[in-house]
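Just so you know, these numbers come straight off a predicted model, no measurement behind them.
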Amino acid sequence: MGGGEREVGEGSNVKANAKRRRRTWLKRKEKWLVVLGVVLHAVYMLSIFDIYFKSPIVHGMDLVTPRFKAPAKRLVLLVGKFRAPFLRSVIEEKGRWGVSHARPPTESRPGHVSIIAGFYEDPSAVTKGWKANPVEFDSVFNRSRHTFSYGSPDIVPIFCAGLPHTTWNSYPHDFEDFATDASFLDEWSFDQFKGLLNRSKEDPKLKELLLQDNLVVFLHLLGCDSNGHAHRPFSSIYLNNVAVVDSIAERVYNLLEDYYMDNRTSYVFTADHGMHDKGSHGDGHPTNTDTPLVVWGAGVKQPKLVSSSNHSDCGFRFVDEHMHDTPTPTEWGLHGIERVDVNQADIAPLMSTLLGLPCPVNSVGSLPLDYIDMIKEDEVEAVVANTKQILNQFLRKSQTKQSNSLYFKPFKPLGDYSSLLDKIEDLISIRDYAAARKLSEDLRVLALQGLHYFQTYDWLMLMTVIILGYIGWMTYIVLHVLQSYTSLAGYMFRKEQADHQTDNTRKVQLCGCLFLGLLCIILFKEHSPPLYHAYTSMTVFLWTQIFSEYRFIKALWKELYGRRINYFAKILATGVFSVFILEFLVNSFTQRKLYTWCFLVSGVISFLYLLKLIPWRSGVPIFVCVACWFLSVFTLMPAEIPDNNRLVIGSGVMIIMIGVAARLLDLHTEGNKYWLSICNHDKKQPKFPTLFQLQALLVGLSSVMVSISTSHRTQKQELLALHQITNWSIAGISIVLPLFSANGLLSRLTSIFLGFAPTFLLLSIGYEAVFYGALALALMAWILVENTLIYLSKVNRLSSSFNNMEDNVILDGRYLQLSDVRIPLIFMVLFNVAFFGTGNFASIASFEISSVYRFITVFSPFLMAALLIFKLFIPFLLVICVFSAITKLNRLPRLGCYFLVILFSDVMTMHFFFLVRNTGSWMEIGNSISHFGIVSAQVVFVLLLFAVTNIYTKDINIGSVDRSSRKAM
C-alpha cells in the first residue's frame with residue numbers, strides 16, 4: 001500500500017511539474033506575443049503616411065520659357081467674395097467670368113496654394129497640422145519681378161515671408177476679434193496699397209519699380225470670410241461686407257488705371273473657398289467648392305453671349321465632381337452671358353500666361369484659353385508651354401524612380417513623348433494651329449495621368465506588404481489560440497519539448513532570414529526609406545513564424561480532414577456571422593444610429609430565444625429585452641450633449657435604484673435556479689457590512705454637488721474651495737471602495753458600478769449620465785443570458801469541456817469552443833457602444849468641457865483633458881469588468897478571449913486601412929486617420945484596461961453549476 005501511494009504521489013508530482021513548466025512557457029510566449037503586437041501595430045500605423053500622405057511636389061525641373069509676347073505688364077489678384085454691382089458690370093461689359101471649382105479641403109491655405117501655385121493640398125500637410133506648407137514650392141509670386149501683398153496675417157506671411165522681390169504687410173494682431181463687422185480690415189489693405197502708390201510720387205526708386213513689367217499685386221480681402229463665420233452668409237453685416245469688397249475692387253481698378261494709363265493691367269478676382277449657409281466651410285459641398293472667377297483687363301477676352309454652339313455638355317468633370325457646363329442658377333441673373341468654368345489650379349497658369357511668365361514648376365493646372373485674348377499662334381505656344389511644364393514634372397518623377405529601381409515599370413502611354421513634342425513643333429511650323437493645340441492638350445492629359453501613376457507607384461507593393469503582415473499576424477494569433485487554449489494544446493507542448501524535432505524548424509527560420517536579407521538588399525539598392533525595411537521585416541518575420549509551426553498546421557489539417565461536413569458548416573457560419581458583426585462595427589464609426597437598430601433587434605431576438613429555453617416568470621427574457629431597448633435610445637441623440645442639470649441629478653437617483661435592485665437580487669434569489677451562480681450567498685462577506693450604504697450615499701452626495709456646482713457656474717460665482725475638495729474626495733474615495741466589497745460576481749460588479757458612478761456624474765452635463773445606467777443594465781442582461789446558457793448546458797457542454805483536462809495549461813478553466821466566439825464579439829459591440837453611445841471618442845472636441853469646472857476653477861488644459869479622458873474611460877472599464885466576470889463565469893481563459901478580441905479588431909483595422917482618405921475636408925481626412933488609429937491601438941488600449949480592471953475582478957468567485965442545480969432541486 002505504501003509503495004503504491006508513493007508511486008501515485010510521484011506520478012502526481014510529475015504531472016504537476018509538467019503543468020507548471022507549460023504554464024511558465026505559455027506565460028513567456030504570451031508576453032513576447034503582446035510585445036510583438038504592440039510593435040507591429042505601431043509600425044504598420046505609420047504606413048498610411050508613406051502610402052496616402054506622400055508629398056506630390058518634386059524639385060529640380062527646368063523652367064519652360066514662354067515663346068509669346070506677354071498680354072499684360074502687371075496683374076492684380078483679388079481674393080474675396082462677390083455678387084455686387086461693379087463686378088457684375090465687369091462680367092457684362094469688360095471681361096470673362098465663371099466658377100472656379102475647388103477641391104476639398106476648402107480652407108484658406110489650400111485654396112491660396114491652388115490659386116498661386118497651381119496644385120491642390122499637399123497630403124503630407126497632415127503631418128504639419130495643416131497650418132503650414134509642408135515643403136517649399138514655386139508660385140506666381142516667385143516668378144514675378146516683384147509682388148506687393150496685403151491682407152490676413154494667417155495667409156500673407158505663409159506665401160510671401162522669405163520670398164525675394166516681395167513687399168508685404170498683414171493686418172496688425174490687434175484686429176483678431178472679428179465678432180463685429182470686419183470690413184474695416186479690407187479697407188486697411190486697400191489703404192496700404194493706396195499709400196504705396198502715393199509714396200511712389202515722391203520716391204523715384206519705388207516709382208521705377210512700379211513701372212517695370214511682370215508685377216503682381218495681391219490683396220487678400222478677409223472681411224467676408226470672417227463675417228461669414230461670425231454672422232452667417234446673407235446676414236446684414238455679411239452683405240454689407242460684400243458691398244465693401246465690391247467697392248474695393250472698383251477703387252483698385254480705377255486707382256491703377258489712373259496711375260498707369262496704359263491699359264496693360266490684368267485683373268483676377270476669385271475666392272479661396274466658398275461658404276455654407278451655416279457659416280462653415282472645409283468639405284466638398286457645392287457651396288464650399290464653387291468660387292467666383294472674374295477676369296478682365298489686358299489680354300482678356302470680352303464678354304460673350306451664350307449660344308447653342310458654345311454651350312455643350314462634353315462630359316468633363318471638375319475636381320469637385322461637378323459636370324462641365326452645368327446650368328447657371330437663374331437667381332444670379334447671368335444666364336445670358338457665357339460662363340467659363342475652371343478648376344481652381346487652372347488660375348495659376350492663367351495668371352502666368354497673362355504676364356508672359358513661366359508657369360510655376362509644380363502646377364498641375366490647365367490653361368483656360370477661353371479667358372485669354374491672343375492670336376492663334378500665341379495661344380498654341382501658351383498651351384505648349386503649359387504642357388511642357390507638366391511634362392517636366394512627369395519626367396523628373398520618372399527619372400527619380402528609375403534611378404532608384406532595380407526593376408522599373410515606365411508609364412507606357414508616354415514612352416514616345418519626344419516624338420509627340422516633335423510632331424507638335426512640326427504642326428506649328430506648318431501653321432496647323434488647331435491640330436497642334438489638340439495634340440498638346442492630349443499630351444498634357446497624359447502627363448497628368450503619368451504624375452498620378454508615379455505618385456502611387458509604390459502603393460501596390462506597400463499595400464501588399466502591409467496586408468500580408470496583418471493576415472500573417474491574425475494567422476499567428478489563431479495558431480496561438482488553437483495551440484494554447486483548445487484541445488490541441490497538449491500537442492503543441494509536446495512538440496516544443498521534442499528537441500530532436502527542431503531541425504526542420506531551424507531550416508525554415510534560416511530560409512526566412514535569407515529571404516529577408518535578400519529583400520533588404522533590394523530595398524537598400526532602391527534607396528527605400530527605413531520604414532520600408534521595417535514593414536517588410538515585420539511581414540517576413542511573421543510568416544517565418546507561421547511556417548515554423550508547420551507540424552502543428554499539418555496535425556490541424558489531419559484533425560479537420562476527419563470531421564464531418566456539419567462541423568465545416570458550423571465553422572463557415574461562425575465566420576460569416578463574425579464578419580457581418582465586424583463590418584457592422586466598421587460602419588458604426590460613421591453611422592451611430594446603427595446601434596439603435598442593433599439593440600432593438602437584439603432585444604426581440606433575445607426575448608424570443610430565452611422564452612423558448614426558460615419560463616418567462618424567471619424575469620430574464622423580459623429584463624434582457626427592456627435593457628436592450630433602453631440602450632438603443634442613446635445613439636439617436638445628438639453627439640453634442642445639451643446641458644440638462646436635472647437629468648444628471650435624476651440619473652443619480654436611477655443609479656441608486658439600480659444598485660438597490662441588484663443588492664436585493666443578490667440577497668434573495670435562493671429559489672431562482674437561473675440566478676444562483678452569480679449571487680453572493682456563501683461567499684466571503686464584505687470587510688465593511690455597510691459598504692453598500694456608503695456607496696449609495698456617495699452617489700447621492702455627488703448628485704447634490706452637481707446641483708451646487710452648476711448653480712455657482714450659471715450665476716457666474718466662483719466655486720468654493722470646500723466644494724472642490726468635496727468633489728475630489730467623493731471621486732477618489734468612491735473609486736477605491738469596490739476593492740472592499742464581497743467577492744461574489746453580482747456583489748462585486750454592483751460595487752464597481754456604484755464606485756465609478758459619482759465620478760461619472762460629477763463629469764456629466766446631460767443625458768450621458770443616464771447612458772451610464774443604461775449601459776450597466778445591458779451588461780447585466782449579458783451576464784444573465786450567459787448564466788442561463790451555462791445552466792441549461794451544464795451536462796452536455798461544461799462536463800465534456802472539463803473531461804481529459806490533465807493536459808490543460810489553463811488553471812481552473814476549460815478549453816475554448818467554437819460557440820465561445822460570441823463572447824468577444826458581444827464584447828466588441830458593447831465596447832464600441834461605450835465609444836459612440838454619447839458622442840465620438842475620436843474627437844474630444846465633441847464632448848463638453850464645462851463639467852470639469854466642478855473640479856477646477858482655473859484654466860488648465862492638461863488637467864482638463866485628463867479629467868475628460870478619464871470620464872470617457874469609465875464606460876470602457878465597466879464593459880471590461882463585465883467581460884472579465886463573464887470569462888470567469890464560463891470558466892474561459894481571459895487571455896485567450898483577449899487574443900480573439902485583437903484578432904477581430906485587426907479585421908476591422910484592415911478595412912479601415914483601405915478607408916483612409918487623402919482628399920476631402922480636413923475633418924474627413926482626420927476622421928479616417930483617427931478611425932484607423934483607434935482600432936489599431938486596441939491591442940494596447942484593451943490590454944491596459946484589462947490590467948486596470950484586473951485589480952477589481954481578480955478575486956471574483958463564481959458559484960458552481962452543480963451546487964446551483966442541487967439547490968434548485
Side-chain angles (χ1 to χ4, degrees), residues 573-574 576-642 644 647 650-651 654-655 657-658 661-662 674 753 766-789 819 821-841 846 875-876 878-879 882-883 886 901 904 908 911 931:
T574 303
V576 170
F577 178 74
S578 300
V579 171
F580 173 79
I581 295 296
L582 296 175
E583 288 302 305
F584 164 82
L585 292 176
V586 168
N587 286 280
S588 72
F589 271 66
T590 53
Q591 302 179 55
R592 293 172 60 229
K593 293 180 181 180
L594 286 175
Y595 287 110
T596 297
W597 290 106
C598 172
F599 284 101
L600 286 175
V601 173
S602 298
V604 174
I605 293 175
S606 300
F607 176 78
L608 297 176
Y609 179 71
L610 292 172
L611 208 57
K612 290 183 178 181
L613 299 178
I614 58 176
W616 68 271
R617 291 173 181 168
S618 65
V620 175
I622 296 175
F623 176 80
V624 171
C625 182
V626 171
C628 288
W629 285 7
F630 187 24
L631 188 60
S632 70
V633 174
F634 292 90
T635 45
L636 292 175
M637 296 184 179
E640 295 181 2
I641 304 172
N644 193 327
L647 194 59
S651 300
M654 182 189 74
I655 289 170
M657 291 174 63
I658 293 174
Y674 304 108
F753 167 67
Y767 72 82
E768 79 270 36
V770 186
F771 170 79
Y772 181 78
L775 180 64
L777 292 175
L779 292 171
M780 185 63 202
W782 183 23
I783 294 173
L784 291 176
V785 171
E786 292 294 335
N787 188 54
T788 301
L789 295 177
S819 60
V821 169
R822 75 183 184 279
I823 294 176
L825 285 175
I826 294 174
F827 164 77
M828 292 190 68
V829 172
L830 291 170
F831 193 78
N832 279 275
V833 168
F835 268 87
F836 299 110
T838 59
N840 180 1
F841 184 85
S846 67
F876 304 147
L878 205 60
V879 173
V882 172
F883 177 69
I886 284 178
V901 169
F904 293 142
M908 296 172 60
H911 192 140
H931 292 165

- Query: Quick one: CZ on Phe827 to CG on Asn832, what's the gap to the nearest 0.5 Å?
  - Reply: 9.0 Å

- Could I get the full list of side-chain hydrogen bond (donor to acceptor under 3.5 Å, both in side chains) partners for Ser578, not counting sequence neighbours? none

- Message: For the backbone of Phe753 and the side chain of Tyr772, can you confirm whether one donor and one acceptor N or O come within less than 3.5 Å of each other?
- Response: yes

- Query: Can you name the one residue among Val833, Ile823, Val879, Leu582 that meets side-chain contact (heavy atoms from CB on, under 4.5 Å) with Met828?
  - Reply: Leu582

- Task: Determine, step by step, whether Phe831 and Phe835 satisfy the ring-ring contact (aromatic ring centres under 6.0 Å, His included) criterion, reporting the C-alpha distance in whole Å, the side-chain angles of both residues, the deciding distance to 0.1 Å, and the verdict.
- Result: CA-CA 7 Å; Phe831 193 78; Phe835 268 87; 5.4 Å; yes

- Message: Looking at every non-hydrogen atom in both residues, tell me the closest pair between Tyr595 and Leu585 and how far apart they are.
- Response: OH-CD2, 3.5 Å

- Separation between CH2 (Trp782) and CG (Leu830), nearest 0.5 Å, reads 6.0 Å

- For the atom pair CG (Leu610) and CG (Leu789), what is the distance rounded to the nearest 0.5 Å? 7.0 Å

- Hey, what do you get for CD (Glu768) to CG (Leu775), rounding to the nearest 0.5 Å? 13.0 Å

- Heavy-atom count around Tyr609 OH within 6.0 Å, excluding the residue itself: above 12? no

- Task: Take the angle between the ring planes of Phe771 and Phe634 and call it parallel below 30°, perpendicular above 60°, tilted in between.
- Result: perpendicular

- Which distance, rounded to the nearest 0.5 Å, do you find between the CZ of Phe623 and the SG of Cys625? 11.5 Å

- What are the two closest non-hydrogen atoms of Pro824 and Val901, and how far apart are they? CB-CG2, 3.7 Å

- Message: On a heavy-atom basis, which atom in Leu777 and which in Ala627 lie closest, and how many Å separate them?
- Response: O-CB, 3.6 Å

- Item | Atom pair CG (Asn587) and CE (Met908), whose distance is rounded to the nearest 0.5 Å | 9.5 Å

- Message: Let's go through Met780 and Leu784 carefully: what are the C-alpha distance in whole Å and the side-chain angles of both, what is the deciding distance for side-chain contact (heavy atoms from CB on, under 4.5 Å) to 0.1 Å, and is it a yes or a no?
- Response: CA-CA 6 Å; Met780 185 63 202; Leu784 291 176; 3.8 Å; yes

- Message: Given Thr788, which partner from the list Ile783, Ile614, Val624 fulfils the side-chain contact (heavy atoms from CB on, under 4.5 Å) test?
- Response: Ile614

- Which atoms form the tightest heavy-atom contact between Ile658 and Gly773, and what is the distance? CD1-O, 3.9 Å

